[in-house]
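Note that these values count all heavy atoms, side chains included, but never hydrogens, waters or copies made by symmetry. A, B, ... follow the sequence lines: proteins, then strands. Residue 1 opens every chain.
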Amino acid sequence: MDFIIEIFNLALELIISFDEVVFEIVWLSIKVSFTALILSCLVAVPLGTVLGLNRFFGRNFLILLFNTLMGLPPVVVGLSVYLILSRSGPLGWMNFLYTPYAMIIAQMILIIPIVTSLTCQKVEELFMEYRELFLSVRVKKSQQFWVYLLDARYALLTIFLAGFGRAISEVGAVIIVGGNIDHVTRMMTTAIAMHTSRGDLSLAIALGLILLFIALLVNLTVFILKVIAKRFGYD
Amino acid sequence: MINNIHPTVEIENLNFSYKGKPLLNIDYLKIDKPGITVVLGPNGAGKSLLLKLIQGIEKPTFGQIRLNGMPVSDKEGHQCMVLQTPTFLRLSVYQNIAVCLRRDNFFLGQDQKNEVLAMLEKVGLGDKINLPARLLSGGEKQKLSLARALISRPKILLVDEPTSTIDPATTSFIEDIIKTRAENDTKIIFVTHDIHQALRLARHAIMIYKGNVVEEGDVERFFKTPNSPHTRDYLAGKLLR
Ligand SMILES: Nc1ncnc2c1ncn2[C@@H]1O[C@H](COP(=O)(O)OP(=O)(O)OP(=O)(O)O)[C@@H](O)[C@H]1O
Ligand SMILES: [Mg+2]
C-alpha cells in the first residue's frame with residue numbers, strides 16, 4: 001500500500017512542478033491530436049453533410065462503410081499507415097514514417113469515420129425536421145447547406161470532441177507509425193505503455209492522470225454545451 | 001393565360017393518394033379571382049394537403065397544378081407557404097428570417113439587413129430580434145412564421161391557420177398584415193376554422209370535404225345560401241369528418 005501511495009505522490013509532484021519531460025509529451029500529444037482533428041473535420045464535415053442531404057446510388061453502402069470504420073482497431077490503422085509510409089510503400093518518398101506527420105495521418109483515419117458518420121446522422125435528422133420549412137419559404141439548395149451546419153453547431157462541437165477523445169487516448173496506431181521516439185514522437189499513451197513496462201510507474205501514472213484529466217475536460221465541455229443549448233431551446 | 005395582376009392557380013385532374021387511399025381528388029379548380037381565397041372544411045378534409053401540393057411540398061400522385069400557367073416545381077416559383085405547425089431553426093429570431101431571404105452571397109448586405117429588421121418591426125417582434133426563436137410564445141411564433149414567408153415577397157401566399165392559437169388583438173393585427181399584402185397584389189389563399197375570419201378577409205371560398213371540393217364561390221353567397229349539404233352542415237357546426 002505504502003508503495004502505491006509513494007508513487008502517486010511522486011506522480012503528483014511531477015505534475016505540480018510542471019516537469020519538463022512530462023509536459024513536453026503532453027504538449028506533443030495535444031498538438032498531434034488537435035491537428036488531426038482539424039484536418040479530419042475539413043474532410044468529414046462536408047462529406048457527412050453531403051451524405052446526409054443527398055440520395056444517390058451507393059449512399060447506403062457508404063454510410064455502412066463509415067459506420068463500420070468507426071470501430072476500426074487502431075493497430076490495424078497503424079499497420080496500414082505503416083505499410084503505406086514505409087520506405088518501399090507508395091508514399092515512402094515523403095519520409096513521414098516515425099515523424100509526428102505519420103501520427104497525424106493515422107489519427108485522421110481514426111477520426112474521419114466518426115465525424116463523418118455522426119455528422120451524416122445529425123444532418124439527416126435535421127433534413128427531416130426542416131424539409132417542409134425550406135420548401136415552404138423556398139430556401140435555395142446552396143444556401144441550405146450552410147444553414148444546416150449553422151443549425152447543427154452545438155451537435156457538431158460535441159461530435160468534434162468525440163473525435164478528439166478517440167484520437168488522444170489511442171495508442172495502437174501512433175506507436176506503430178510514430179515509434180515512440182523521445183522528443184520526437186513520444187505521446188502520452190505511448191509513454192505510459194513504455195514506462196509501465198520498464199517499471200517506471202510514477203511517470204506513467206503522472207501521464208495517466210493528465211490523460212484522465214483531459215478526458216474529463218472533454219466530457220465536461222460536452223456537458224456544458226448541452227446545458228447552454230438547452231437554455232436557448234437549441235437542444 | 002399569364003395574368004400579372006391576378007395570379008392564377010389552376011388544378012386539373014389532381015389526385016393525392018397514400019397507400020392506395022385517395023386523400024385529395026380534384027377534377028378541376030381554378031382560383032383566379034381578385035381578393036383573398038379561403039379554404040374551409042372539417043379536420044382531416046385535406047386543406048393543408050391542398051396548400052402543400054400548391055406549394056410543391058407534396059407531389060401529386062397524378063394530375064397537374066399550374067401557377068400562372070407554369071407547372072409547380074420545387075426549384076422555381078414565387079409562392080410561399082405559412083405552415084400549420086411552424087418549425088424554427090436553432091437560431092435567433094433575426095437569423096430565422098435572414099436565412100429565408102433569397103440572396104447570392106452568404107452574408108446579407110446592409111439593405112437586406114434593414115429589410116429584415118423592418119419586417120420584424122412590422123410584425124411586432126422588433127424587441128425580440130436576438131432571442132432564440134424557439135423560446136418565443138405560440139402567438140409570437142405565428143407572427144415570425146408569417147414574417148418569414150412575407151420577406152421574399154411571394155406572388156402567391158398560402159397561409160394555413162395563421163391565427164389558430166392567437167388572442168383577439170393579435171388576430172386582427174395579423175389579419176391587417178394579410179389584408180395589406182393582398183391589396184399589394186399578392187394572391188392569398190388561407191385556411192381557417194374561424195367563419196367570422198373567413199367573412200372578414202375573403203372574397204372567395206372553397207369548401208373541402210373528404211378530399212373533394214364540394215362547393216366554391218363568392219363568400220357572401222357561400223355563407224348566405226350554401227348549395228352543398230356539407231357546407232350547410234359545416235356552417236351549422238354539425239359536420240364531422
Ligand atoms: N404526406 C402525407 N402522407 C400521407 N397522408 C397524409 C399526408 N398528408 C396528409 N395526410 C392525410 O391526409 C388527410 C388530410 O390531411 P390535412 O392535413 O390536409 O387535413 P386538414 O384539412 O388540414 O385538417 P386540419 O383542419 O385538422 O388541419 C389526413 O387524414 C392526413 O393524415
Ligand atoms: Mg390542416
**Report entry** Residue pair A:A206 / A:I15: nearest heavy atoms and the distance that separates them
**Finding:** O-CD1, 3.7 Å

Query raised in the report: Is there a donor-acceptor contact under 3.5 Å from the side chain of A:R131 to the main chain of B:I57?
Result: yes

Report summary line: Looking only at A:L150, A:L133, A:L126, most heavy-atom pairs under 4.5 Å shared with chain B are made by A:L133

Query - Heavy-atom contact with chain B under 4.5 Å, split by part of A:V147 - result: side chain

Query raised in the report: Between A:Q144 and chain B, which part of the residue has a heavy atom less than 4.5 Å away: side chain, backbone, both or neither?
Result: neither

Query raised in the report: Is B:K47 reaching over with its side chain to a backbone N or O of B:G41, donor-acceptor style, under 3.5 angstrom?
Result: yes

Requested in this report: Under 4.5 Å heavy-atom distance to chain B, tell me which part of A:F232 shows up: side chain, backbone, both or neither.
Outcome: both

Requested in this report: Considering only heavy atoms and a distance below 4.5 Å, find which of B:L158, B:L135, B:L91, B:L131 pairs most often with chain A.
Outcome: B:L91

Requested in this report: Check whether A:F134 gets within reach of chain B through its side chain, its backbone, both or neither, counting any heavy atom under 4.5 Å.
Outcome: side chain

Requested in this report: Using modelled atom types only, decide if a donor and an acceptor are shared between the side chain of B:K187 and the backbone of B:G35 within a distance under 3.5 Å.
Outcome: yes

Report summary line: chain A shares the most heavy-atom pairs under 4.5 Å, among B:S92, B:A149, B:A133, B:P132, with B:P132

Query raised in the report: Do side-chain atoms of A:T189 reach the backbone of A:E170 as a donor and acceptor pair under 3.5 angstrom?
Result: yes

Query - Short side-chain to backbone donor-acceptor contact, B:N25 and B:N15, under 3.5 Å - result: no

